[in-house]
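Take a look at the structure set out below.
Counting starts at 1 for both ligands and their atoms, following the listed order.
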Amino acid sequence: MIIGSKIILRDKKLADAPDDYTWRTDPELAHLDAAPLLTATFQEYLSDYTSQLRYLPPTRHQFAIDTLDGKHIGNCVYYGVNKTKGEAELGIMIGNHDCWDKGYGADAVTTLVSHIFHRTNLKRIYLKTLDSNSRAQKCFQKCGFTPYGHLVKDRFSFVLMEIHRKQREKPANKNLRQPPK
Ligand SMILES: CC(C)(COP(=O)(O)OP(=O)(O)OC[C@H]1O[C@@H](n2cnc3c(N)ncnc32)[C@H](O)[C@@H]1OP(=O)(O)O)[C@@H](O)C(=O)NCCC(=O)NCCS
C-alpha cells in the first residue's frame, strides 16, 4: 500500500472487477483513452481478469486508486519496464467521473512516480495522451511531466510526455507517508 495526500495505491484484487468492467464499457472513458470499447460480457471479462491477476508479467505493475476513505475511483500502472534503458510507461484512469478535477489524478501520478524512483533504478517515465485531452495534459504537467514529441497511431494523435529521475531533486519518497500501523 502506498499512501499519497488524497489517495492510496494498493494491489488490484478480484473485487475490483465490477468497477473495472463498468469503466471499460464506458464510451466516454474509451474515447478519452483512445481505447476500444469492451464488448465482452461480465462473465467473459471476469474469466480473463482472474487469470491476468494471477499471471501478471514482471514488466507490469498495476495499482488500484482508492480515496483515503477507501472508495475505489480508478487505476494506474507502469508497464513495459525496460531495465536496460531504465524506463517504463505510465498509465492512469480515474474511472469515476465525479472524481475528475479534484486533484486525485495528480496525486496518484505524483505518488506513483515517487514510488518508482524510490523503489526501482528506472531513470525515465514516459506516457502518451490524446492531443485533445487537455485535462490529462494539465494533470501530467502539474506532476512535472514535460512534452517531448507527438505520435500519430491508428488515426489518433497523441502528445508524448516524460519525467526524468534527475528532474526530481527532492528525496524521491518525500510525498510518501507510512501506512498506519
Ligand atoms: C486524466 C485524469 C487522470 C486526470 O485526473 P484528475 O484527477 O481529473 O486531474 P487533476 O484534478 O489532478 O488535474 C486536472 C487539471 O486539469 C484542469 N482541467 C480540466 N479540464 C480542462 C480543460 N478542458 N483544459 C485545461 N485544463 C483542464 C483542471 O482544472 C485541473 O487543473 P487545476 O488543478 O489547476 O485546477 C482523469 O481525469 C481521467 O482519468 N480522466 C478520464 C480518462 C482519461 O482522460 N484518460 C486518459 C489518461 S492519459
Side-chain angles (χ1 to χ4, degrees), residues 2-12 16-39 45 49 59-81 87-117 122 124-164 167-168 170 174-177:
I2 310 165
I3 303 186
S5 310
K6 291 176 172 245
I7 55 83
I8 294 171
L9 305 182
R10 62 161 172 83
D11 288 342
K12 296 289 298 169
D16 295 331
D19 286 342
D20 288 341
Y21 182 76
T22 301
W23 298 334
R24 288 288 311 277
T25 53
D26 178 329
E28 189 176 2
L29 287 174
H31 173 74
L32 286 166
D33 244 346
L37 193 63
L38 185 71
T39 53
Y45 179 74
Y49 196 93
T59 52
R60 183 179 175 89
H61 302 265
Q62 59 189 25
F63 302 89
I65 305 171
D66 284 355
T67 57
L68 293 180
D69 57 2
K71 184 174 168 50
H72 182 214
I73 60 167
N75 300 301
C76 59
V77 60
Y78 66 101
Y79 61 105
V81 172
E87 59 188 31
E89 184 160 0
L90 183 143
I92 179 169
M93 182 195 55
I94 303 291
N96 186 327
H97 298 212
D98 295 340
C99 293
W100 293 354
D101 294 337
K102 294 185 175 154
Y104 292 116
D107 191 42
V109 170
T110 302
T111 303
L112 182 57
V113 168
S114 294
H115 170 77
I116 294 168
F117 286 150
L122 296 178
R124 174 180 177 259
I125 310 295
Y126 59 94
L127 59 82
K128 62 179 179 300
T129 190
L130 284 173
D131 269 339
S132 54
N133 195 338
S134 305
R135 175 188 289 113
Q137 288 164 47
K138 176 78 185 294
C139 169
F140 299 134
Q141 276 165 14
K142 286 197 297 178
C143 302
F145 281 80
T146 52
Y148 70 94
H150 276 90
L151 171 74
V152 177
K153 194 180 172 201
D154 302 333
R155 78 188 160 78
F156 295 110
S157 181
F158 297 93
V159 57
L160 308 174
M161 302 183 81
E162 64 183 352
I163 188 167
H164 290 262
Q167 275 170 249
R168 300 176 63 93
K170 57 192 174 194
K174 197 171 178 180
N175 292 312
L176 302 180
R177 283 190 275 133

Identify all N/O pairs between ligand 1 and the protein with a separation under 3.5 Å and present them as a table of atom names and distances.
from     : atom 1 : to     : atom 2 : distance (Å)
ligand 1 : 7 (O)  : Gly105 : N      : 2.7
ligand 1 : 8 (O)  : Asp101 : N      : 2.9
ligand 1 : 11 (O) : Lys102 : N      : 3.2
ligand 1 : 11 (O) : Gly103 : N      : 2.8
ligand 1 : 12 (O) : Ala106 : N      : 3.0
ligand 1 : 12 (O) : Lys142 : NZ     : 3.3
ligand 1 : 13 (O) : Lys142 : NZ     : 3.2
ligand 1 : 31 (O) : Lys138 : NZ     : 3.3
ligand 1 : 33 (O) : Lys142 : NZ     : 2.6
ligand 1 : 34 (O) : Lys138 : NZ     : 2.8
ligand 1 : 39 (O) : Ile94  : N      : 2.7
ligand 1 : 44 (O) : Asn133 : ND2    : 2.8
ligand 1 : 45 (N) : Asp33  : OD1    : 3.4

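- Side-chain atoms of Asp107 never come within 3.5 Å of backbone atoms of Gly4 as a donor-acceptor pair (strictly under, hydrogens ignored).
- Leu112 places none of its side-chain heavy atoms less than 4.5 Å from the side chain of Ile125.
- The closest side-chain heavy-atom distance from Gln167 to Phe117 is not below 4.5 Å.
- Checked for salt-bridge contact, Arg10 and Asp16 meet the test: a charged N lies under 4.0 Å from a carboxylate O.
- No more than 12 heavy atoms of other residues, nucleotides or ligands shown are found within 6.0 angstrom of NE2 on His31.
- For Glu89, the side-chain contact (heavy atoms from CB on, under 4.5 Å) partners two or more places apart in sequence, or in a different chain, are Tyr79, Tyr126, Lys128.
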